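Worksheet: one structure, shown below.
Throughout, numbering of the chain's residues begins at 1 and tracks the sequence. This one's a predicted model, so the numbers in the text were calculated from it and none came from an experiment.
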Amino acid sequence: HGRDRRRGHRQDVRALAIVDGEHYPPVVRDALAELPYEFVAAVLVGGSEKLRGGADYGVPLAGDVASAVEEFAPEIVVDLSDEPVLGPVERFALASRVLARGLPYVGADFRLDPPALDPFELPSIAVVGTGKRVGKTAVTGHLARLLAKDRRVVVVAMGRGGPVEPETISVPPTVEALVELSRGGRHAASDHLETAALAGVETVGCRRCGGGLAGGVLTSNVAAGARTAVELRPDIVVFDGSGAALPPIATDRTVVVVGGHQDPAVAAGYLNAFRLLRAGLVVVTLAEPGSGWEQTRDVVGAVVPDGVP
């Protein structure tokens with residue numbers, strides 16, 4: 001784990017260890033002593049049939065990750081397991097649960113961090129997708145129209161062709177105005193322009209670059225766009241994601257949009273499970289007859305928290 005040492009990890013970082021019975025307990029104990037963390041507990045994720053009697057890892061054993069996080073308050077989760085106990089599918093599922101609790105998840109050759117989200121002072125909803133072309137912007141527009149019936153709504157949209165500085169659109173653009181923008185070299189199909197034209201609400205256009213596995217962005221001006229939205233004095237702000245990238249804002253609620261045409265293993269697997277675990281509402285779009293969308297819905301439904309429609 002020399003790479004993490006080079007990153008300057010503190011020896012006093014409270015860590016939860018993920019262990020399995022395939023590794024002999026003395027090997028794991030020595031690894032826990034060697035790694036640059038203060039291990040406060042461990043979770044045995046499988047392979048217990050290989051163990052003889054009660055395994056001693058030198059730290060308390062918790063029943064599962066959720067209870068370990070609640071009881072021991074780790075700052076990071078360190079995976080010392082391996083196949084066959086944790087294969088790629090199982091590891092992404094575990095990583096999603098860890099990230100959903102706001103903790104980094106690291107292993108022998110990887111590190112996954114939850115996306116950084118800036119605090120926001122007004123009532124807010126994020127709309128995020130499990131991929132590109134899932135109808136997320138259409139859902140954002142529909143949501144904005146519903147909310148605008150009795151509230152003042154502002155939509156903050158980010159895209160890969162957004163403006164250098166946050167751009168407020170207070171009047172729905174006409175076709176002629178969009179053509180003029182395009183001829184001037186602008187991206188005239190940016191989501192904030194589309195939402196302003198079709199939903200008839202004020203929008204703030206932003207840009208982002210890069211998208212991580214968990215939906216983080218490398219750079220964006222959404223924080224500045226959020227401040228612009230506050231100055232417009234709305235009752236509620238809707239933050240529209242970009243593709244599978246999350247708006248880098250800590251919103252009150254999250255709507256996750258899943259394409260009914262998506263492979264269920266993609267829609268609910270990898271780190272889309274992290275997105276689904278953050279959902280307060282899941283919308284399955286493109287649910288055309290014969291498309292097999294029901295299977296995608298069922299697999300997604302098995303991931304989202306209980307009680308989430």
Note to self: My understanding is that only one of Val98, Val77, Val78, Asp79 makes a side chain to side chain contact (heavy atoms under 4.5 Å, CB included) with Val106; could you say which?
What the structure shows: Val78

Is any side-chain heavy atom of [Y] closer than 4.5 Å to one of [X]?
X	Y	answer
Lys136	Asp191	yes
Val154	Val204	yes
Thr195	Thr137	yes
Val155	Thr140	yes

Notebook entry, point to check: How many angstroms lie between atom CD of Glu38 and atom CG of Leu35, to the nearest 0.5 angstrom?
Noted result: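 Interatomic distance, Glu38 CD to Leu35 CG, rounded to 0.5 Å: 13.5 Å.
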
Exercise: identify the closest heavy-atom pair between [X] and [Y]:
X	Y	value
Leu277	Ala100	CB-CB, 3.9 Å
Ile249	Ala226	CD1-CB, 4.0 Å
Pro248	Val217	CG-CG2, 4.4 Å
Val258	Ala267	CG1-CB, 3.8 Å
Val308	Ala279	CG2-O, 3.5 Å
Asp252	Pro123	OD2-CA, 3.1 Å

Margin query: Please tell me whether Val300 and Val134 are part of a single hydrophobic cluster in this structure, the criterion being side-chain heavy atoms less than 4.5 Å apart.
Written below: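 Shared cluster, no.
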
Notebook entry, point to check: When clusters are formed by joining ILVMFWY residues with side-chain heavy atoms under 4.5 Å apart, either directly or through shared neighbours, do Val266 and Leu94 land in the same one?
Noted result: yes

Notebook entry, point to check: Is there a donor-acceptor contact under 3.5 Å linking the side chains of Asn272 and Thr130?
Noted result: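 Note: Asn272 and Thr130 side chains miss the donor-acceptor criterion.
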
Check: Side chains of Glu202 and Ser170: donor-acceptor distance under 3.5 Å anywhere?
Finding: yes

Answer yes or no: is there a donor N or O on one side and an acceptor on the other, between the side chain of [X] and the main chain of [Y], under 3.5 Å?
X	Y	result
Arg152	Leu232	yes
Thr251	Ile125	no
Arg207	Pro163	yes

Note to self: Tell me if the centroids of the rings in Phe110 and Tyr105 come within less than 6.0 Å of each other.
What the structure shows: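 Yes; Tyr105 has its ring centre under 6.0 Å from that of Phe110.
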
Margin query: Ring centres under 6.0 Å, that's the criterion: do Phe239 and Phe120 meet it?
Written below: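 Distance test on ring centres: under 6.0 Å, yes.
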
Margin query: Between the side chains of Glu70 and Arg101, is the shortest nitrogen-to-carboxylate-oxygen separation below 4.0 Å, so that they form an ion pair?
Written below: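 Answer for the salt bridge query: yes.
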
